[in-house]
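Here is the structure we will look at.
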Amino acid sequence: LTFLASRDDDGHRLDSRCDYTLGGAIPAARLWTLSSVDADGAPVPNASARNAISSAEIVRDQDGRFEVIAAAGARAGNWLPLARGHSFQLMLRLYDTTGSAAAGVMSREQMPFIRKGS
């Protein structure tokens, strides 16, 4: 199951000159990936040669929560590299999930937040 976001929680278009914090809820799935993609869904090349992060590599706090920082500059912890100067969307893919495209729309509370930083 795939979800795309082109705007942050305030409704502003995602901008690779900014950094974003993502976290909160993720729909139930055995595995998920979060990646930066272009308008056609293709990976956006960047200096780190990595455009995705997965649930298998996420560092969580003692309560099981996590946040991902999406930014062009390297960050400690859960960092999703962005390519500065390129438009992008965030793609969340759920693998082996109980969710279904036929089940209807997911509520906002079931999806991660996207908050613009600096």
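Values in this document were obtained by computation on a predicted structure and should not be read as measured data.
Rounding to the nearest 0.5 angstrom, the gap separating the CD atom in Q89 from the CG atom in L14 is 8.0 Å. Rounding to the nearest 0.5 Å places OH of Y20 at 12.0 Å from CG of L80. Atom CD1 of I69 and atom CG of N78 lie 8.5 Å apart (nearest 0.5 Å).
Judged by distance alone, with hydrogens and angles left aside, the side-chain atoms of T97 form a donor-acceptor pair with the main-chain N or O of A28 at under 3.5 Å. At distances below 3.5 Å, not a single donor-acceptor pair connects side-chain atoms of R7 with backbone N or O atoms of A5. Side-chain atoms of E67 do not come within 3.5 Å of backbone N or O of G23 as any donor-acceptor pair. Judged by distance alone, the side chain of T2 and the main-chain N or O of R93 form no donor-acceptor pair under 3.5 Å. Under a 3.5 Å cut-off, the side chain of D15 and the backbone N or O of R17 do form a donor-acceptor pair. Without hydrogens or angle criteria, D96 side chain to A29 main chain gives no donor-acceptor distance under 3.5 Å.
Across all their heavy atoms, S55 and R30 have their closest contact at OG-O, 4.4 Å. Closest approach of D63 to D61, counting heavy atoms only: N-OD1, 2.8 Å. Minimum interatomic distance between A83 and P45 (heavy atoms only, all atoms of both residues): CB-O, 3.1 Å. Closest heavy-atom contact between L82 and S36: CD2-CB, 3.9 Å. Nearest heavy atom pair, residue P27 against residue L94, reads CB-CD1, 3.6 Å. The minimum heavy-atom distance linking A72 with R84 is given by the pair CB-NH2, 3.5 Å.
Using a 4.5 Å heavy-atom threshold, the side chains of V44 and N51 count as separate.
Under a hydrophobic-cluster definition in which Ile, Leu, Val, Met, Phe, Trp and Tyr are linked whenever side-chain heavy atoms come within less than 4.5 Å, directly or via other members, V68 and F113 are assigned to different clusters. Using a 4.5 Å cut-off between side-chain heavy atoms of Ile, Leu, Val, Met, Phe, Trp and Tyr, with links allowed through other members, I58 and L92 fall into the same hydrophobic cluster. Following chains of ILVMFWY side-chain contacts shorter than 4.5 Å, one can reach F3 starting from L34, so the two form part of one hydrophobic cluster. Linking Ile, Leu, Val, Met, Phe, Trp and Tyr whenever their side-chain heavy atoms come within less than 4.5 Å leaves L22 and W79 in two separate clusters. Both L1 and I114 belong to a common hydrophobic cluster when Ile, Leu, Val, Met, Phe, Trp and Tyr are linked at side-chain heavy-atom distances under 4.5 angstrom.
With ring centers used as reference points, W32 lies under 6.0 Å from F66.
Put simply, the residue from K116, R115, R13 that forms a side chain to side chain contact (heavy atoms under 4.5 Å, CB included) with D8 is K116.
Counting only N and O atoms by type, the side chains of D19 and S118 include a donor and acceptor under 3.5 Å apart.
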